[in-house]
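Here the structure comes first, spelled out in structure tokens, and everything after it is commentary.
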Amino acid sequence: MTVKEAREEKIERYVPAAIEGKWADTWERTRLYETPDTLPGHENFYFLTMYPYPSGVLHIGHWYAAAPADAAARYLRMRGRNVLFPMGFDAFGLPAENAAIKNKMHPAESTEENMARMRSQFRAMGAMIDWRREVVTCHPEYYRWNQWIFLRFLEKGLAYRAKAPVNWCPKDLTVLANEQVIQGRCERCETPVVKRELEQWFFRITKYADELLRFDGLDWPERVRVMQTNWIGRSEGAELTFPVEGHPADAIRVFTTRADTFYGGTFVVLAPEHPLVEKITTPDRKAEVDAYVQKARNTAEIERIAEGTEKTGVFTGAYARNVLSGERIPIWIADYVLVTYGTGAIGGVPAHDERDWAFAKKYGLPIREVISPDGQTHGELDVPFVGEGVMVNSGPYDGTPGAEGRRKIAEDFGKRGMGGPTVTYRLRDWLISRQRYWGTPIPIVYCEKCGVVPVPYDQLPVVLPRDTGFTGQGGNPLEKVDSFVKTTCPTCGGPARRETDTMDTFVDSSWYMYRYLDNRNDKAFMEKDKGRMWLPVDQYTGGIEHAILHLLYMRFVCKALRDLGELWFDEPALRLQNQGMIVFSGRKMSKSRGNVQSPDQYVERYGADSLRMFMMFLGPWTQGSDWDAAGIDGTSRFLHSVWRLALSKPMPGAPDHDLEREIHHTIRKVGEDLEAYRFNTAVAALMKLENALSRASGPTRDEGVRTLLLLLAPFAPHIAEELWGRRGGAYSIHQQPWPVYDPALAKAEEIVLVVQVDGKLRDRLTVAAGLTEAEARAAAETSEKVKASIGARKVAKVIVVRDRLVNIVTS
RNA sequence: GCCGCCCUAGUCCAACGGCAGAGACGACCGCCUUAAGAGCGGUUCAGUGCGGGUUCGAAUCCCGCGGGCGGCACCA
């Protein structure tokens, strides 16, 4: 069908703007996307895609995340599932508050405005969102359940307050969770973070460290499982004790994975922030030690851990005893020992650890070989030996292999009550306090008499006050709101002060998937019976950038709520699929880089359907892509062709068997590709079918067009609906069953058999599909080209790959 | 430094261990058009980053190297 023919037939042009708004209205009016909790004859399927932060407008990244997910959900719906595809907004967070300081606009206002704009953009996209179920995390109806969860966690010891060295971002003026520090810098603003000793609220995620390492029954990408496993960082070793001279009550505990090197411990190093430092430092060393500790505290993490930084440290003046070698060894402090890992102290074994080696060399500390690769001692070492070996210079343990030595020494310390085998994790408890306004108030009151008092459940929510100033100076605006801060103690009725810290917004997103199911409930965060219809989530999709943060917290909160009797399953989402990142000229799109691409101009020019299809056509969804809008012409032209094809007059002709095969093959291909999230090849298959149909005529073509529209519906919902209707199909195409293919028809009838001689292509034979090995071989051997190629050589063997190839190997 | 993913026409990408091409962009040539653009039809284009290995046969599996991206990193 060419333009000329179309004109002769007077087919009107495809104008996306003329149909897309109309269908958005109709779908809304007919409540097409409202998903009931049960639909007789249809199994429930919970398809969750990550909700966005209401940053202003939907950008290309949002489209890339949502449009393919929507297509996959629509496909499942046509396959007969009752598919829930909800959406909401991760509406608390720093950017809105920072914008408020800059633009003098209240975050609540800007957030509401942004959400309104983004909702209408989702509508323009044609996503099958059931908006009745929307959640907005900055509304008290939502965040009261954050507070409720906090209080339940508190009751169970899963939430606690502690003084700890925490990450502080000097620009955002708040503490951060470990997970929000990327290479020593604030995840958001990339400012180097510093350590501060503060009293803060934590969630006890470490209690679940071992369970979080198990992914039993989960269909999650290997990549994410590996990242989470590395993040949790389970390490088996031993905790061993060094008694401190003159301080019988203050023995130093160290963590090591190499207990077999214990005899080589010639010094002890504490982290500068270690609590014993102050106690054990001798008066003559105090000034120097204090100065070093002070300096370490004020040094950004990024400098402390920077590669090539020379090791520094100072001697405390105190001595410990190596209980195995009996030696008196000096206690140092050095910032290469991290207070946040293990026990914050190590036994320095310079002969067998590169860091200890460098430190010992610099400060002239003794180096003793205690592990030998060959069982011999070697006197002075040139380099540290960090490999496995046999214990030497280790008294009664001499000759013991390292692995056995590790076990024995750990056990021996255990028997003496001085430690024993232990496991340590890199994962720290989740720091949830934030010194910022735009978040969920932590429901705690501080009373002079009663101390730390949780706000009673019946007084929830603790509402975030609206009237605050945003100066950007002097910390959390909440502190200055007297009506909020000044309160009475729920226990004694006396004067009290409210907690002014708010919660990390990752608390909000750790359980939002439950709230969609019962978003108006004011008695519980979710009625269990409603949850049972949908949970756990069948399919979750979202950006790979959340591999650790959100996805780890979400798993933890699920397990914690399970242990509180609120949930009945171990994992929140059974199957996870991450789309890759969409970048612009190889760089992440971000406001600060000013390279954010807006989808709106493309929607205007090409229509939402073309943009949807283009997002899916860019390349493998899981790998991400570089944004290059040039290709959108391709999907746009395709839809124009479909339009003409579907509206052209049927042409007479005979049934076309080959075309019928192609149709059935395409049904199979598109379905399989959608199930595997291979949107790009699915789109290509649709294009191929359209090409074939446009060249055909007769009844098979007509049947093919009908099928094509059904297959197209998940990808381009508006045009599919329009053409379906114009061709007399019943409303709505999105409620039609997915076409069924005939497996026999989906296969080719005739195939091209490739004949090779010694691996080189010699002939191609068109033969019936399904030949036996002997038949294929016989066919190949009758080929003149093949005979000529074999010549006088002897046939050594013949390899036959059914319906594909015959390879004749000569000797 | 360690771990993972990726490298195929000018570009984006396809190819159960079996003919390197499904699809698209671009370019070029036509058609259409007063013209440009758009539209339509067609043509063009790589031996798969490099070097080995396994195999009858390797883009595909294995090893090494190079380049890109991501994660972790003084973690004891």
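Here the structure is a predicted model, which means the values were calculated and not measured. We name chains A, B, ... by the order of the sequence lines, and we start the count at 1 in each one. All heavy atoms count here, side chains included; hydrogens, waters and symmetry mates do not.
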Can you check the distance between B:C13 and B:A59, where both ends of the measurement are the C1' atom (answer in whole Å)?
14 Å
For residues A:H665 and A:Y741, determine if any side-chain heavy atom of one lies less than 4.5 Å from a side-chain heavy atom of the other.
no
Measuring to OP1 and OP2 of B:U55, would you say a side-chain N or O of A:N807 lies under 4.0 angstrom away?
no
Take atom CH2 of A:W357 and atom C1' of B:C74, then tell me their distance rounded to the nearest Å.
17 Å
Strand partner of B:G66, provided both Watson-Crick or wobble distances fall under 3.5 Å:
B:C7
Sugar-phosphate only, base, or nothing, as touched by A:R426 at under 4.0 Å among non-hydrogen atoms:
base
What's the gap between B:A22 and B:C32 when it is taken at their P atoms, as a whole Å value?
31 Å
Quote, to the nearest angstrom, the P distance that separates B:U8 from B:C69.
15 Å
Pairing check on B:A15: which nucleotide meets the Watson-Crick or G-U wobble criteria with it, both distances under 3.5 Å?
none
Using a cut-off of less than 4.0 Å, is there contact between a side-chain N or O of A:K797 and OP1 or OP2 of B:C56?
yes
Pick the P atom in B:A58 and in B:G18, then give their distance to the nearest Å.
11 Å
Rounding to the closest angstrom, what is the interatomic distance between B:G71 and B:A38 at atom C1'?
46 Å
Whichever of A:R258 and A:R637 has its nearest RNA chain B nucleotide further upstream toward 5'
A:R637
Determine the interatomic distance between C1' on B:C25 and the same-named atom on B:U43; round to the nearest Å.
16 Å
Is the phosphate of B:C40, meaning OP1 or OP2, less than 4.0 Å from a side-chain N or O of A:R644?
yes
For B:U60 and B:U54, measure between their C1' atoms and round to the nearest Å.
13 Å
Whole-Å distance separating the CZ atom of A:F267 from the C1' atom of B:A76:
11 Å
Can you classify the ring geometry of A:F679 versus A:Y677 as parallel (below 30°), tilted (30 to 60°) or perpendicular (above 60°)?
perpendicular
Does A:R355 place a side-chain N or O at less than 4.0 Å from the phosphate oxygens OP1/OP2 of B:G1?
no
Using side-chain heavy atoms (C-beta onward) and a distance below 4.5 Å, is A:F255 in contact with A:Y341?
yes
If the cut-off is 4.0 Å, is A:N680 near the phosphate of B:C12, judged by side-chain N/O to OP1 or OP2?
no
Value in whole Å for how far the C1' atom of B:C13 lies from CG of A:D673:
14 Å
Touch class at under 4.0 angstrom, heavy-atom based, for A:D356 against every strand present
nothing
Please work out if A:Q756 contacts a base, only the sugar-phosphate, or nothing of the nucleic acid, heavy-atom cut-off 4.0 Å.
base
What I'd like to find out is whether the side chain of A:T312 reaches to under 4.5 Å of the side chain of A:Y292, using heavy atoms alone.
yes
Output the rounded distance in Å from OH (A:Y14) to P (B:C40).
13 Å
Describe the nucleic acid contact of A:I808 in one word from base, sugar-phosphate, nothing, applying a heavy-atom distance below 4.0 Å.
nothing
Distance, rounded to the nearest Å, where A:D633 contributes CG and B:C12 contributes P
18 Å
Tell me which nucleotide, if any, is Watson-Crick or G-U wobble paired with B:A35 when both distances must be under 3.5 Å.
none
Integer-rounded Å distance: B:C12 P and A:M615 CE
17 Å
Is the shortest side-chain heavy-atom distance between A:M418 and A:L240 below 4.5 Å?
no
With syn meaning chi within 90° of zero and anything else anti, the base of B:G47 is syn
Applying the 3.5 Å cut-off to both distances, the Watson-Crick or G-U partner of B:A73 turns out to be none
For B:G57, give its Watson-Crick or G-U wobble partner with both distances under 3.5 Å, or none.
none
Is the ring centre of A:F413 less than 6.0 Å from the ring centre of A:F262?
yes
May I ask which nucleotide in the shown strands pairs with B:C40, Watson-Crick or G-U wobble, both distances under 3.5 Å?
B:G30
Interatomic distance where CG belongs to A:L645 and P belongs to B:G41 [whole Å]:
12 Å
Counting distance alone, no hydrogens or angles: does the base of B:G4 have a donor or acceptor under 3.5 Å from a partner atom on the side chain of A:E222?
no
Separation of A:H546 NE2 from A:L552 CG (nearest 0.5 Å)
13.0 Å
Here's a test of your reading of the structure: between A:D628 and A:Q623, which maps to the more 5' nucleotide of RNA chain B?
A:Q623
